[in-house]
Structures are given as structure tokens and as C-alpha cells.
Trainee: 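Handing you this structure, nothing more for now.
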Amino acid sequence: MPPKSETQPPTTAATTTLSDPSSASIDPLFLFIRILPYSFLRPPRLRLKLPSLTLPSPMTVYALVLLTYFMVVSGIVYDVIVEPPGIGSTQDRLTGAVRPVVFLQGRVNGQYIIEGLSSGFMFVLGGIGIVLMDLALDRNRAKSVKVSYATAGISSVVLAYVMSMLFIRIKIPAYLH
């Protein structure tokens, strides 16, 4: 491809009016509004610097994803829309004393706020346990660190599973019997 020449062909007023569709307008008010303010007003020369955005660290992204996951599985959207009480209460038949209830029994589609947060914490604990087990597979770590990661990961997953099953059995008493 040959280089472009430094000289450009002269342009005439007829070619600029044909190439600019706004100058071909018949409306004189449009031309007046288009030309008059800019005949004596000049835009200022701004020397603005574009903000430089740096990428967040991988740990920051992981923390935000984990927080978002916790909020979603805890039922924050349900809590905002329905506005359930934080904790329930029931009256004891024998003594008449009012005692707190954490789980809304018998209703699968309803929850107290504490119930959702505790269940969400158990799900996040299981996810962190899986991440810890993955970190235990790294070949560049010392053996004691790998064993610690594996032990913490396995115990987190087992604890999260056992507690989640306990929560389900409290919520739905006749489940899996």
C-alpha cells in the first residue's frame, strides 16, 4: 500500500455542504441556533486526566463473591420483601412461658431471619472447606501446612453437612424417616 501524500486536494464549499447533512437544512432557525452561540463562545480547554482503575486483588474478588454467595443463599431478598421477624416465639403448654424459636417449622417456603443466616453460614462454611481441600493439593506447600488445610477442609465440609441436615430435620420433622 503506497503512503499517503502530505498534500490534500482542496475542498470547496459545495462539497462540505453535501457531506454535512445538518448544513443542508432549510430551517433558518436551526441554522441560527447552530451558528450564533458558537460565533462568540469558545469551549474551554480542559486538561482532565482519566482516572486509572486498577484491578482488585484475587483475594478481594474472592471475598466479594463469597459475601454475595452468603447473601443469596441466606435469603436476603426474601427477608427484604417479606420482612419476617428475626426470631419466632412459642408458648410452652405446661408452664405458659414464652420461649424463642429459631426455625419456622412446617413451612418450607418461609423462614425467620436467623434461620436464613445460620443456614447460609453453613453453606459458606462448606464452600470454604472445599477451597481449603483444594489448597491442600498444592505441591509447593510444606507437608504440615497441607495436612492442616486438608484437616480444616474436611472438618468444615463434614460440619456444614451435618448441621445442614440437622436444620432440615428441625424445619421438616418428618423428612427422610
Trainee: Considering only heavy atoms from C-beta outward, does the side chain of Arg99 approach that of Thr90 to under 4.5 Å?
Mentor: yes
Trainee: State the CE-CG distance between Met59 and Leu66, to the nearest 0.5 angstrom.
Mentor: 8.5 Å
Trainee: Is Phe121 reachable from Met165 through a run of I, L, V, M, F, W or Y residues, each pair having side-chain heavy atoms under 4.5 Å apart?
Mentor: no
Trainee: Are side-chain heavy atoms of Ser156 and Ile128 found at a separation under 4.5 Å?
Mentor: no
Trainee: With Asp92, which residues qualify under salt bridge (charged side-chain N to carboxylate O under 4.0 Å, His left out), at least two apart?
Mentor: none
Trainee: Kindly compute the distance separating CZ (Phe70) from CE (Met122), expressed to the nearest 0.5 Å.
Mentor: 10.5 Å
Trainee: Could you list the donor-acceptor pairs under 3.5 angstrom formed by side chains in residues 110-119, with sequence neighbours left out?
Mentor:
from   : atom 1 : to     : atom 2 : distance (Å)
Gln111 : NE2    : Ser74  : O      : 3.1
Gln111 : NE2    : Asp79  : OD1    : 3.3
Glu115 : OE1    : Leu104 : N      : 3.2
Glu115 : OE1    : Tyr112 : N      : 3.3
Glu115 : OE2    : Lys171 : NZ     : 3.0
Ser118 : OG     : Ile114 : O      : 3.0
Ser118 : OG     : Glu115 : O      : 3.0
Ser119 : OG     : Glu115 : O      : 3.0

Trainee: Would you say that Tyr62 contacts Val131 through its side chain, given a criterion of any heavy-atom pair below 4.5 Å between the two side chains?
Mentor: yes
Trainee: Side-chain heavy atoms nearer than 4.5 Å, only ILVMFWY residues, links allowed to pass through others: does that put Val82 and Ile87 together?
Mentor: no
Trainee: Show the nearest heavy-atom pair for residues Ala150 and Ala136, with the distance to one decimal.
Mentor: N-CB, 3.6 Å
Trainee: Taking atom CG of Leu137 as the centre, report whether more than 12 heavy atoms of other residues, nucleotides or ligands fall under 6.0 Å from it.
Mentor: yes
Trainee: Looking at CD1 of Ile172 and CZ of Phe103, how far apart are the two atoms once the value is rounded to the nearest 0.5 Å?
Mentor: 11.5 Å
Trainee: Under a single-linkage definition using a 4.5 Å side-chain heavy-atom cutoff for Ile, Leu, Val, Met, Phe, Trp and Tyr, are Leu132 and Val158 assigned to the same hydrophobic cluster?
Mentor: no
Trainee: For Arg141 versus Val145, what's the shortest heavy-atom pair and its separation?
Mentor: CD-CG1, 4.1 Å
Trainee: Rounded to the nearest 0.5 Å, what separates atom OG1 in Thr60 from atom CG in Leu55?
Mentor: 11.0 Å
Trainee: Examine Phe167 and Val124 and state if one hydrophobic cluster contains both, with Ile, Leu, Val, Met, Phe, Trp and Tyr joined whenever side-chain heavy atoms are less than 4.5 Å apart.
Mentor: yes
Trainee: Verify the cluster assignment for Tyr78 and Val73: are they in a single hydrophobic cluster under the rule of side-chain heavy atoms below 4.5 Å apart?
Mentor: no
Trainee: Please enumerate all residues that pass side chain to side chain contact (heavy atoms under 4.5 Å, CB included) together with Val157, with sequence neighbours excluded.
Mentor: Ile130, Met133
Trainee: How long is the straight-line distance from CZ of Arg93 back to CD of Gln91, given to the nearest 0.5 Å?
Mentor: 11.0 Å
